[in-house]
Every structure is written in structure tokens, then in C-alpha cells.
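This report refers to the structure that appears directly beneath it.
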Amino acid sequence: MSRYRLQPTPAQEAALLEHCGHARFVWNLAVEQHQHWKAGGASAPGFAEQCRQLTEARAEFAWLRAGSIIVQQQALKDFAQAMANFFGKTHRRPSWRKRGRGEGFRIVAVKAGDVRRLSRNVGEVKVPKVGWVRFRWSRNMPEGMKSYRITCDRAGRWHVAFAAIPKPIPAPGTGEVVGVDRGVCVSAALSTGELLSVPTYHGTEKVRLLRVLRKLARAQRGSKRRVKVKQAIARLKARESDRRKDRIEKTSTDLARRFDMIAIEDLQIRNMTRSAKGTLAEPGRNVRQKAGLNRAILAAGWGRLAVRLEHKAPGRVQTVNPRYTSQTCNACKHIARESRESQALFLCVACGHQDNADVNAAKNVRDTAAGHAVAARGSSPLGGPVNREPQRDLLLAR
């Protein structure tokens, strides 16, 4: 999607929030309906049946009828797609929506005259029941758009995203392959020797975040002061999230333009960031250390980098089993845990090859994807089956 910063007036913002409330209400009703469904019983109502129920509800309740039918029907459409993704085992089950989190709605059947440009950096979009709302024209408008989605994040910023599938970045045609090793200290290490890190909070921002978190702990629930403190926390976290997304977008675009094939590790991020707190009967160990590691992994943006590479370079991204990639010497293919002396230094105990540990792992990922990584006796360095030499005694016995 092509996302733009929306600039509504206070009156328009109140109308947009009302649309968000209607979409959230309809979504939560659909979630409640499907919570009563059990496997083997009568099927839960689908999109068509829920639309008929929505028509009856709009005829009965004036406050619901005052809203846009497009917003409410598209909320049901989004829920139907979310359930299809859940049954397809690609996403989790749709859950409740809470006010202030994930606010937004979708508008379809957008015409050519519903978006217009006022000046070099200012445009307008026509929203049902709201009117013309201005947004910052920061890039060219995509062609062939038929719908858009308006969202509001926790920091109170409004955005409009026009649905348009961009063209993939063409391959350079040089035949070069790059390996990407994702880590915590170094977000992404390339086999070319480049070390890329995602920017986090600055020194002053860390101090301010700790200060406002202490204020939040002392603020009374339901008070206006607590609302202001939560907004301050949201603005700080939104700034960090924007920096992370910006770096990932630039990194993925650069890799898609420079290399024909991009090899990355097939990491199970959801399992790696699972909590270690355990249960009351069997409590976990080092829970706080594991929670800190989980936050560091999520802050590095491993998953988003892989997803954006797939979007920008479809068919040119190859996943590699990460087993032993950080313990294998790229020069002699010897596998030893002792070779990785520290977080940054790799010193092979067999041949003495020395390199940055993350770059060495990225080179192993690259060679495995290119089919050049072969260990002793013809086996894969990732622990595959060993190809043994024919034994003379067995051949003579036949």
C-alpha cells in the first residue's frame, strides 16, 4: 500500500472516530457470534448472512443507521477474510478490538474524482459522511486504486493507505547471490561484509521513556493524567517504530536492486520469542533475561525484513536451514562451537580462518543457497545424511 499522512480538522477527526467505532462494534459482534460456534454443529453465519443481519440492525438502531454502510460492511468483509486466514492456518484467530488500538476502516468503490491534488504537497480524499479530508502528498499516487483504508495509531496520527499492488523490483541480471544473517547486536550482516543495524532509542529518549513509564505507574486509572502519559509513551514508541520500518524498507530495496538471489535463514521467530515464564507448577528460569532477548529480537525487525524482501523480489528469496551456520568455518567447512570465540569474532580451530562471526554465518547462508557448501565426506554442513565411500569388503561379498 501507499500510505500518506492524513490531516483532518477537529470536526473531521470526530467523524472519523465515529466511523472507527462503528467498524469496531460490527467486528466485535462478528467475533462474539463465532465464539458460540463449535465444531460439528451448525455453521457460523458467513459474510452474506451477517450483511442481512446488519441491515436489520441498521433499521432498528438509529445511531448505527447514521453511520456509513460501506464502513460497516467492509468491517464484516475484513472479518470474513480474517476467518479464512485462520482456517488456512496462516494467521491467528480474530480477537476483540479495543478502542485506541488498531483503529481504522476501509472504503471501497473509489472513483477517479474522489482523490484530488490541491498543491505540490497537499491533496484531498473524499470520505463518506465526512467530506473532503486533506493529506500530505508525499509521493506519486498509485494507478488503478479501487479502495483505501484510514487508520489511527496509538500516537493519535491519522493515515490513509491506497490499495495498489506495486510492481516488483527487477533483478539486476548480474547473477550475484547475497547471504543475510540476522542477529540481535547486528540486525543484518551481509556476506559482502556489510553490517546493518536498526536504529533504536537515542540516549535522551531512553531517559524520557523511563521517566514517563514511572509516571504511568503512579497515575490513577481512568484519570486524564494517565491518558496524557500514555499518549507520550505512544509517541516515543511510534518514533522508534518509524525508524525501524524506514531502515527495513531501505535495506530491502537496496538488496533487491543489487542482487539476483537473496538467501536468508528460515527462522521460527514466533517460537524464538515465546515467553519463558512457565506455569505455577513449573515456573521458568531466567524469565527476565529471556524477556529482554525477546524484545531485542522483535526490535531488530527480523520478520518484517523477510516479508518485505518477498514482496519486492518475489521468486528471488531463498530460505536456508540455519542449523550450524554460525559454527561452520566458511573456509574449510569445519563445524565447531569453540570456533566462535565471541559475539563478533570467529576463529576456526581447524584452519585458523578469522572473520567477523556474523559475516562468516552470512557467507555460509549464501553458499548453501548457491549449492556450494559441502562439508567433509560429501555431507551438507547443515547436518544432512552422510555420503560414505563404497567399502571394498562389502563389494567383494556380493
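Each of Glu310, His311, Arg304 was checked for a side chain to side chain contact (heavy atoms under 4.5 Å, CB included) with Val307, and the lone residue meeting it is His311. Paired with Phe25 under the rule ring-ring contact (aromatic ring centres under 6.0 Å, His included), one option of Trp96, Phe105, Trp63, Phe61 passes, and it is Trp63. Glu249 pairs with exactly one of Arg3, Arg243, Arg308 by the salt bridge (charged side-chain N to carboxylate O under 4.0 Å, His left out) rule, that one being Arg308. Exactly one of Asn356, Asn330, Thr368, Asp355 qualifies for a side-chain hydrogen bond (donor to acceptor under 3.5 Å, both in side chains) with Lys363. That residue is Asp355.
In terms of heavy atoms, Pro172 sits closest to Arg316 at CD-NH1, 4.2 Å. The two atoms that bring Ala300 and Val198 nearest to each other are O-CG2, 3.5 Å, heavy atoms only. The two residues Trp27 and Ala82 make their nearest non-hydrogen contact at CH2-CB, 3.9 Å. Heavy atoms only, all atoms of each residue included: Lys312 and Ser252 are closest at NZ-OG, 2.8 Å. Trp302 and Ser187 get closest at one heavy-atom pair: NE1-O, 4.0 Å.
Counting non-hydrogen atoms of neighbouring residues, nucleotides and ligands closer than 6.0 angstrom, the CD1 atom of Ile165 reaches no more than 12 such neighbours. Few gaps surround CZ on Arg93; more than 12 heavy atoms of other groups in view lie less than 6.0 Å from it. Other residues, nucleotides and ligands contribute more than 12 heavy atoms inside 6.0 Å of the NZ atom of Lys290. Applying the 6.0 Å contact sphere to CG of Asn271 captures more than 12 heavy atoms from other residues, nucleotides or ligands. Counting non-hydrogen atoms of other residues, nucleotides and ligands closer than 6.0 Å to CZ of Arg226 gives a total above 12. Within a 6.0 Å sphere centred on CD of Gln220, other residues, nucleotides and ligands contribute 12 heavy atoms or fewer.
Of the possible donor and acceptor atoms, none in the side chain of Arg247 sits under 3.5 Å from a partner among the backbone N and O of Lys250. Checked by atom type and distance alone, the side chain of Arg106 never pairs as donor or acceptor with a backbone atom of Arg149 at under 3.5 Å. Panel note: side chain Arg182, backbone Gly301; no donor-acceptor pair is recorded below 3.5 Å. Not one N or O on the side chain of Gln50 forms a donor-acceptor pair closer than 3.5 Å with the backbone of Ala80. Remark: the backbone N or O of Asp242 is not paired with any side-chain donor or acceptor of Asp246 at under 3.5 angstrom. Put simply, the side chain of Arg117 never gets that close to the backbone of Gly123: no donor and acceptor are under 3.5 Å apart. A distance-only check finds no donor-acceptor pair linking the side chain of Ser241 to the backbone of Lys237 [under 3.5 Å].
Here the CE atom belonging to Met141 is positioned 8.0 Å from the OG atom belonging to Ser2, to the nearest 0.5 angstrom. Rounding to the nearest 0.5 Å places CD1 of Ile248 at 6.0 Å from CG of Leu305. Atom CG of Asn364 is separated from atom OG of Ser191 by 10.0 Å, given to the nearest 0.5 angstrom. One finds the CD atom of Glu240 at 10.5 Å from the NE2 atom of His202 (value rounded to the nearest 0.5 Å). Atom CG of Asn294 and atom CZ of Arg274 lie 10.5 Å apart (nearest 0.5 Å). With values rounded to the nearest 0.5 angstrom, Asp266 atom CG is found 5.5 Å from Gln268 atom CD.
Looking at Glu32 and Leu29, their side chains come closer than 4.5 Å, going by heavy atoms from C-beta outward. Within the 4.5 Å cutoff, side-chain heavy atoms of Leu190 are placed close to those of Leu255. Proximity of Lys333 to Asp367: side-chain heavy atoms (C-beta onward) are separated by under 4.5 Å at one or more points. At a threshold of 4.5 Å between non-hydrogen side-chain atoms, the residues Lys77 and Gln81 do not count as touching. Counting heavy atoms from C-beta outward, Lys129 and Glu18 have side chains that stay 4.5 Å or more apart. Residues Asp260 and Val177 are not in side-chain contact: their nearest non-hydrogen atoms beyond the backbone lie 4.5 Å or more apart. Side-chain contact between Asn360 and His353 is present, with at least one heavy-atom pair separated by less than 4.5 Å. You'll find the side chain of Thr319 reaches within 4.5 Å of the side chain of Ile264, heavy atoms only.
Under a 4.0 Å N-O distance rule, the pair Arg52/Glu56 does not qualify as a salt bridge. Using a cutoff of 4.0 Å between basic side-chain nitrogens and carboxylate oxygens, Asp78 and Arg97 are not scored as salt-bridged. Ion pairing between a basic and an acidic side chain is recognised when a charged N comes within 4.0 Å of a carboxylate O; Asp153 and Arg235 show no such pairing.
Leu54 and Ile107 fall within the same hydrophobic cluster, where Ile, Leu, Val, Met, Phe, Trp and Tyr residues are linked whenever their side-chain heavy atoms come under 4.5 Å apart, directly or through other members. Residues Ile269 and Leu309 do not share a hydrophobic cluster, defined by chaining ILVMFWY side chains whose heavy atoms lie under 4.5 Å apart. Under the 4.5 Å side-chain heavy-atom criterion for grouping Ile, Leu, Val, Met, Phe, Trp and Tyr, Val133 is connected to Val110 within one hydrophobic cluster. Hydrophobic cluster membership is shared by Leu6 and Met145, with clusters built from Ile, Leu, Val, Met, Phe, Trp and Tyr side chains linked at under 4.5 angstrom. Each of Met261 and Val365 belongs to its own hydrophobic cluster when Ile, Leu, Val, Met, Phe, Trp and Tyr are linked at side-chain heavy-atom distances under 4.5 angstrom.
Other residues sharing a hydrophobic cluster with Leu118 under the 4.5 Å side-chain heavy-atom criterion for ILVMFWY residues are Val122. Clustering of Ile, Leu, Val, Met, Phe, Trp and Tyr side chains at separations under 4.5 Å places Leu216 together with Tyr201, Leu209, Val212, Leu213, Val229, Ile233, Leu236.
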Original post:
Where do Glu205 and Arg208 land on the salt bridge (Lys or Arg N to Asp or Glu O under 4.0 Å) test, with the steps shown first?
Top reply: CA-CA 5 Å; Glu205 290 177 341; Arg208 175 165 174 75; over 6 Å; no
Subject >> salt bridge (Lys or Arg N to Asp or Glu O under 4.0 Å) between Arg366 and Asp181, worked out >> reply: CA-CA 9 Å; Arg366 176 202 61 190; Asp181 177 75; over 6 Å; no
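Judged by the 6.0 Å distance and 45° axis criteria, Arg139 is positioned over the aromatic ring of Tyr4.
In this structure, the ring of Trp137 has its center less than 6.0 angstrom from the ring center of Phe135.
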